[in-house]
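Structure first, commentary second.
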Amino acid sequence: MVWEKDPLVQKVCELYDQISSLESLKPSKDVNMLFTQLVLTCMPPSPIDVTKLCKRIQEIRFKLIRLCGEAEGLLESHFSTILGSYENPLHHLNIFPYYSNYLKLSLLEFDILKKHCSDYVPIKVAFVGSGPLPLTSIVLASFHLTTTSFHNYDIDPSANSKALQLVSSHPDLSERMFFHTTDIMDVTYALKDYDVVFLAALVGMDKDAKVRVIDHLAKYMAPGAVLMLRSAHGARAFLYPVIDPCDLTGFEVLSVFHPTDEVINSVVIARKVPTTKHTVENPKLPNKCSDIDMFSPLLNHVNLIEELDIEDQLS
């Protein structure tokens, strides 16, 4: 199929032209309308493979992901400021328009984590790219990992300042949530302290940058520690970067999950391989990249996801 002539691709390109002509991506009627249209266009399951698009469409996709990232950051900053004005910010999280999505995504990620790490509860979790509205950390800490400490990393000091304001008045989370203003590439041996590391979808906006971050985590995370990554599948890859499991050198990829509802991000879970040299190819996945790409549609009990359980696939 010539994807460039596909109505969905043409619609995405039209929306890109409109979005890229906006004077500002701060929340407004026009911004909200256009991004809502974009998400609704890309949300339905699609067989489209963005890697097979022509160079022009690839460039549009890359620019569109950056625009989405900028708009998402501005939206979160806007609502974090509003929430921070309340005496108890966490009592008002539902004013954020995508709060229900975060509830679903966090539950999905917790269920995936529990499936593969049923023998222990993480003591320390890191979230890389937490932003001004760290909803994943807040939801997980509040409802699912209620004794775990969360260390949130963001390169933007204003984002961390706003995020801290949200939890500082909470008697429990203020004691279990910590914020570090630093580039994760400058964090080395401290990464060995974390049982689980979450990598936000927009950390590493292109493939090379994403792989550099993953390689850095592979070098310094503790053997056996878990890496949770957010990716995208089908037309949703116009909104977020795609993680190829083959790029997870130094990790054993356990499962890849593709939501089919309004939760946009796919979830990849991997475990740090207990080797002394992180650049050694994962011995459990020798030359199996072609297999990993073949996703099998197996709906789980909440009718949310396609799943490829790589452990079973390769056994």
Side-chain angles (χ1 to χ4, degrees), residues 1-20 25 34-73 98 101 104-105 108-109 112 129 198-214 227-248 253 255-270 289-297 304-308 310:
M1 178 182 291
V2 181
W3 291 116
E4 289 73 17
K5 296 181 180 179
D6 186 89
L8 185 151
V9 175
Q10 292 179 347
K11 178 64 175 178
V12 168
C13 291
E14 291 173 9
L15 289 168
Y16 164 75
D17 289 339
Q18 296 178 66
I19 291 170
S20 60
L25 294 178
L34 287 172
F35 277 101
T36 297
Q37 288 184 32
L38 179 63
V39 170
L40 292 176
T41 299
C42 297
M43 185 185 300
S46 168
I48 190 169
D49 182 352
V50 295
T51 65
K52 293 180 169 57
L53 297 171
C54 69
K55 183 178 180 180
R56 182 182 71 86
I57 305 298
Q58 291 280 12
E59 290 175 353
I60 288 175
R61 173 181 170 261
F62 177 71
K63 292 176 182 177
L64 190 57
I65 288 173
R66 288 194 170 274
L67 290 171
C68 289
E70 182 181 350
E72 185 173 310
Y98 300 106
N101 290 31
K104 292 180 179 180
L105 177 58
L108 174 60
E109 289 175 326
I112 295 169
F198 284 81
L199 184 63
L202 295 173
V203 174
M205 296 291 285
D206 58 54
K207 181 181 177 69
D208 290 342
K210 183 81 73 175
V211 169
R212 284 196 298 271
V213 174
I214 292 170
L227 179 62
M228 300 283 292
L229 310 100
R230 292 173 180 175
S231 183
H233 186 61
R236 298 171 183 217
F238 283 108
L239 308 174
Y240 289 102
V242 175
I243 294 174
D244 187 338
C246 300
D247 293 329
L248 290 169
V253 180
S255 293
V256 180
F257 295 80
H258 297 307
T260 57
D261 69 346
E262 65 270 20
V263 176
I264 300 299
N265 290 120
S266 300
V267 179
V268 181
I269 182 170
C289 290
S290 59
D291 290 345
I292 295 171
D293 286 337
M294 298 297 290
F295 294 98
S296 300
L304 276 178
I305 56 178
E306 298 171 343
E307 175 182 354
L308 170 64
I310 294 172

Provide the closest heavy-atom pair for L239 versus C42 in the form atom of the first, atom of the second, distance. CD1-CB, 4.0 Å
For the student: nearest non-hydrogen atoms of I214 and I243, plus distance: CD1-CG2, 4.5 Å
Take F238 and L53 through the test side-chain contact (heavy atoms from CB on, under 4.5 Å) and record every step on the way to the result. CA-CA 11 Å; F238 283 108; L53 297 171; 3.7 Å; yes
With sequence neighbours excluded, what pairs up with T36 under the side-chain hydrogen bond (donor to acceptor under 3.5 Å, both in side chains) test? none
Would a distance-only check, ignoring hydrogens and angles, find a side-chain to backbone donor-acceptor pair under 3.5 Å from N101 to E262? yes
Closest non-hydrogen atom pair, P259 against S266: CD-CA, 3.7 Å
Has D244 got a side-chain atom pairing as donor or acceptor with D247's backbone, closer than 3.5 angstrom? no
Considering residues at least two apart in sequence or located in another chain, which fulfil the side-chain hydrogen bond (donor to acceptor under 3.5 Å, both in side chains) criterion with R230? E109, T136
Mind checking whether P241 and L202 have side chains closer than 4.5 Å, heavy atoms only? yes
Quick one, C68 with L38, criterion side-chain contact (heavy atoms from CB on, under 4.5 Å). Give me CA distance, side-chain angles, the key distance, then yes/no. CA-CA 10 Å; C68 289; L38 179 63; 3.7 Å; yes
Between E72 and Y98, does any side-chain donor sit less than 3.5 Å from a side-chain acceptor? no
Side chain to side chain, Q18 and L15, heavy atoms closer than 4.5 Å: yes
State whether the side chain of R66 and the backbone N or O of M205 hold a donor-acceptor pair below 3.5 Å, judged by distance alone. no
